[in-house]
Amino acid sequence: MIEPILTVDNLKTYFYTRSGIIKAVDGLSFSVAKGKTLSIVGESGSGKSVAMMSIMGLLPQPPAKIEGGSVQFQGQDLLKLTQTELRTLRGRKIGMIFQDPMTSLNPYLKISTQLMEALTEHDRSVSKQTAYERALWTLEQVGISDPIQRINQYPHQFSGGMRQRVMIAMTLMTDPEVIIADEPTTALDVTIQAQILDILRNLQVKRGLSMILITHDLGIVAGMSDEVLVMYAGRPVEQGTVEELFYHPHHPYTQALLRSIPSVMHENQELYSIKGLPPDPANLPPGCPFAPRCERVMPICSQIPPVRTLSPTHTSVCHLETPS
Ligand code: SF4
């Protein structure tokens with residue numbers, strides 16, 4: 001078994017709001033092995049992005065509060081680090097790629113300045129020349145042609161796909177060991193999306209990177225992941241290898257997500273969609289939070305479901321003993 005590089009155990013992130021306590025992440029546990037990709041899947045509001053922001057120490061506290069758990073990385077619990085210690089680690093050892101590069105890139109600064117700063121901010125001993133050469137190299141790595149000319153341009157001179165490549169280059173400046181990619185291709189069209197995913201996959205293989213991929217797109221999950229974690233209403237509901245989740249899904253929510261994937265093989269059939277909406281996070285139903293939408297709901301589902309171990313790598317949080 002490959003040693004995990006990052007282990008999250010029973011993470012709980014709550015928001016204290018006027019309308020009540022929102023348990024945005026409630027009891028999340030997972031680990032990522034070196035050189036592997038874990039995808040975290042779920043609808044909007046399932047808590048996947050909040051979980052990543054909690055790990056990176058990027059949530060404003062208050063209103064958020066980490067109420068419990070640990071995040072082990074290289075022998076330290078990230079949740080116990082000070083903001084200064086976290087800042088040193090963030091970007092240098094764990095890089096994050098966000099959904100919308102325009103909000104992460106400064107429109108007033110040249111790409112060269114932004115790339116070089118990504119390195120010099122973490123290591124003041126690096127000379128300008130070294131930072132510049134590394135910036136050129138990272139642009140090449142992400143497939144930007146003519147980097148010597150492009151490095152002197154501003155973000156608005158790049159297309160959406162090119163800006164996302166620059167964001168990936170920026171993450172690579174510090175040679176991180178883990179990359180968290182939060183919906184990295186959502187704003188892009190399918191062709192560009194495929195190119196960006198290719199870049200990430202190649203970099204991962206070449207550099208032995210570990211990756212946490214946040215997405216709601218199961219097509220991306222199938223092509224990119226080693227393991228998959230499905231979240232619903234802030235809780236993990238099913239976790240396993242990509243084969244286990246796609247070929248032997250146990251949890252009715254995972255099964256419903258898989259049924260919702262459009263297929264050209266069934267083009268005359270009506271597209272399946274999960275009925276109802278995710279629950280109000282400030283007012284979750286007792287027991288299983290998926291119960292109001294579950295096609296297999298039973299009276300016992302008003303009680304908290306148990307964690308079922310289906311294989312050494314596969315778990316599901318459901319009262320059902322066997323999948324349908
Ligand atoms: Fe459905 Fe019950 Fe399983 Fe929840 S615990 S997913 S309601 S069968």
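What you see below is based on every heavy atom in this structure, not just the backbone, and it leaves out hydrogens, waters and symmetry mates. Numbering of residues begins at 1 and proceeds along the displayed sequence. Atoms within a ligand are numbered from 1 in the order they appear, just like the ligands themselves.
- Partners of H314 under the side-chain hydrogen bond (donor to acceptor under 3.5 Å, both in side chains) rule, at least two apart in sequence or in another chain, are E238.
- Ring pair Y154/H156 is parallel by interplanar angle, where below 30° counts as parallel and above 60° as perpendicular.
- With sequence neighbours excluded, the residues satisfying side-chain hydrogen bond (donor to acceptor under 3.5 Å, both in side chains) with E244 are T241, S311, T313.
- Around atom 1 (Fe) of ligand 1, the protein atoms of type N, O or S found under 2.8 Å away are C294 SG, listed by chain and number.
- Relative to the ring axis of F158, R150 places its NZ or CZ within 45° and under 6.0 Å from the centre.
- Every residue two or more places apart in sequence or in another chain was checked for a side-chain hydrogen bond (donor to acceptor under 3.5 Å, both in side chains) with S112, and none qualifies.
- In summary, of the residues considered (P279, C288, S46), a side chain to side chain contact (heavy atoms under 4.5 Å, CB included) with Y232 occurs for P279 alone.
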